[in-house]
Amino acid sequence: MDRHLVYVTMVVIVALIAGIGTLIYLYPPRSQVTPSTSSNSTQVVNSTSTQAVNSTSSASTSTQSPIELLSSLSGAFTVNSAELESLVSYRPSGISINKSADIITFTNKTVYLIILAGPPNNILTFQLFNLTNPTIEVPLDSTVIIAVIDDGYLNHSFGITSTPPPYPASVSPNQDQPAFPGSEMPPTLLINGLSPASSNTYSGYLLKFNATKPGTYWYLCFVPGHASSGMYGKFVVYG
């Protein structure tokens with residue numbers, strides 16, 4: 001074989017090998033990768049799960065019944081507009097409302113009352129079931145649960161006493177003792193009152209007591225000047 005031809009052939013072979021090596025170095029073969037769905041699926045599931053939990057939590061709050069909401073309250077509390085609307089719209093069984101006489105009578109042994117203190121349309125009154133300072137009648141030995149909510153622009157409080165009107169400008173919790181244990185807010189709150197409503201927040205206080213003695217009592221606002229301005233009503237225990 002011609003030596004020149006052999007030399008050329010060897011040069012060509014070396015060049016081909018060098019070229020192939022370069023291609024392999026620059027463009028290495030990629031192993032086939034199946035798109036991982038586990039990571040994405042986990043994120044989607046977690047995202048969906050989180051959304052479901054959040055929506056369920058929100059739904060459980062918005063669809064909470066008034067009784068469930070009342071049961072979750074204790075002492076001082078705050079509610080939003082939706083919760084306030086839910087509470088105010090509640091109509092318990094065993095109730096008779098005499099609008100012409102401004103009397104609300106309960107016959108059940110468990111009494112639920114949602115009282116608005118100082119609503120914007122009449123800031124020195126209590127309102128419940130669309131009545132202003134109505135007479136409230138409950139049966140003897142009933143358990144009375146009252147949610148008092150400040151719905152207006154002023155501080156208000158609530159307590160039930162045996163002292164009848166008229167009231168002085170400053171009503172003292174020490175002189176006007178609660179009619180029943182638990183039927184008044186704490187003394188400091190009685191004088192200072194609940195915070196007024198602001199945007200979507202309403203402050204309130206939950207009272208719970210047993211009406212163990214028949215008679216006529218009075219509920220009133222102890223914030224100075226309020227009871228003397230007519231912010232009171234009659235509370236009757238019958239039976």
Side-chain angles (χ1 to χ4, degrees), residues 64-77 79 83-119 125-151 156-167 171 173 175-187 189-190 194 204-222 226-227 230-239:
Q64 208 173 14
S65 73
I67 292 297
E68 291 172 334
L69 182 54
L70 282 171
S71 299
S72 70
L73 303 177
S74 177
F77 64 84
V79 293
E83 292 167 333
L84 177 63
E85 184 178 351
S86 173
L87 290 172
V88 171
S89 64
Y90 176 58
R91 292 293 186 271
S93 60
I95 181 175
S96 173
I97 301 176
N98 187 333
K99 291 186 177 181
S100 60
D102 276 342
I103 298 176
I104 301 173
T105 303
F106 292 85
T107 57
N108 288 348
K109 286 292 187 176
T110 300
V111 175
Y112 292 98
L113 287 167
I114 292 85
I115 298 180
L116 298 181
T125 65
F126 293 107
Q127 288 190 7
L128 57 159
F129 302 114
N130 295 319
L131 298 182
T132 299
N133 296 339
T135 295
I136 301 170
E137 298 178 337
V138 303
L140 179 64
D141 292 327
S142 58
T143 298
V144 182
I145 301 165
I146 303 177
V148 183
I149 302 172
D150 195 319
D151 187 37
H156 293 294
S157 66
F158 182 93
I160 300 176
T161 178
S162 57
T163 304
Y167 299 105
V171 182
Q175 295 177 351
D176 297 278
Q177 294 295 314
F180 309 97
S183 64
E184 288 184 355
M185 294 177 179
L189 193 56
L190 274 179
L194 297 165
Y205 197 91
L206 190 78
L207 299 168
K208 184 176 181 179
F209 61 92
N210 295 319
T212 55
K213 186 177 180 180
T216 298
Y217 306 91
W218 300 86
Y219 62 90
L220 60 138
C221 178
F222 281 72
H226 290 195
M231 197 169 180
Y232 63 83
K234 189 180 293 186
F235 186 88
V236 178
V237 180
Y238 69 88

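Along the sequence shown, residues are numbered consecutively beginning with 1. Heavy atoms only: backbone and side chains are in, while hydrogens, waters and symmetry mates are out.
The line from OG of Ser89 to CG of Leu84 is 9.5 Å long, rounded to the nearest 0.5 Å. Taken to the nearest 0.5 Å, the CE atom of Met185 stands 11.0 Å off from the CD1 atom of Ile160. Within the model, atoms OG of Ser162 and CZ of Phe180 stand 9.0 Å from one another, a figure rounded to the nearest 0.5 Å. Interatomic distance, Ile149 CD1 to Gln127 CD, rounded to the nearest 0.5 Å: 13.0 Å. Remark: Ser157 OG to Tyr205 OH distance equals 12.0 Å, nearest 0.5 Å. Taking CG of Leu131 as the start and CD1 of Ile104 as the end, the distance is 5.0 Å to the nearest 0.5 Å.
Put simply, the side chain of Tyr238 reaches to within 4.5 Å of the side chain of Pro139, judged on heavy atoms. Using a 4.5 Å heavy-atom cutoff, the side chains of Trp218 and Asp176 are not in contact. Contact annotation: the side chain of Tyr167 never approaches that of His226 to less than 4.5 Å [non-hydrogen atoms, C-beta and beyond]. For the pair Phe222/Leu189, no side-chain contact is recorded, criterion being any heavy-atom separation below 4.5 Å from C-beta on. Between Leu194 and His156, every side-chain heavy-atom pair lies at or beyond the 4.5 Å cut-off. Leu128 is listed as a side-chain neighbour of Ile136, based on a closest heavy-atom distance under 4.5 Å. Leu113 places none of its side-chain heavy atoms less than 4.5 Å from the side chain of Leu207. Within the 4.5 Å cutoff, the side chain of Leu69 has no heavy atoms near those of the Pro66 side chain.
Pairs engaging residues 102-116 under the side-chain hydrogen bond (donor to acceptor under 3.5 Å, both in side chains) rule: Ser93-Asn108, Thr105-Glu137 [sequence neighbours left out].
Between Leu140 and Gly239, the closest heavy-atom pair is CD2-O, 4.0 Å. For the residue pair Glu184 and Leu190, the shortest heavy atom distance occurs at OE1-CD1, 3.5 Å. Between Phe77 and Leu206, the shortest heavy-atom contact is CE2-N, 3.5 Å. Taking each heavy atom of Ser86 and Gln64 in turn, the nearest pair found is OG-O, 3.9 Å. A pairwise comparison of heavy atoms in Cys221 and Ala227 identifies O-CB, 3.4 Å as the closest pair.
Counting heavy atoms of neighbouring residues, nucleotides and ligands inside a 6.0 Å radius, atom CD of Gln177 exceeds 12 of them.
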Discussion item. Could you walk me through whether Asn98 and Ser100 satisfy the side chain to side chain donor-acceptor pair (under 3.5 Å) test, starting with their C-alpha distance in whole Å, then the side-chain angles of each, then the deciding distance to 0.1 Å, before giving a yes or no?
Written reply: CA-CA 6 Å; Asn98 187 333; Ser100 60; 2.8 Å; yes
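With Thr135 contributing its side chain and Ile103 its backbone, the two residues share no donor-acceptor pair below 3.5 Å.
For Asn133, the side-chain contact (heavy atoms from CB on, under 4.5 Å) partners two or more places apart in sequence, or in a different chain, are Thr125, Phe126, Tyr219.
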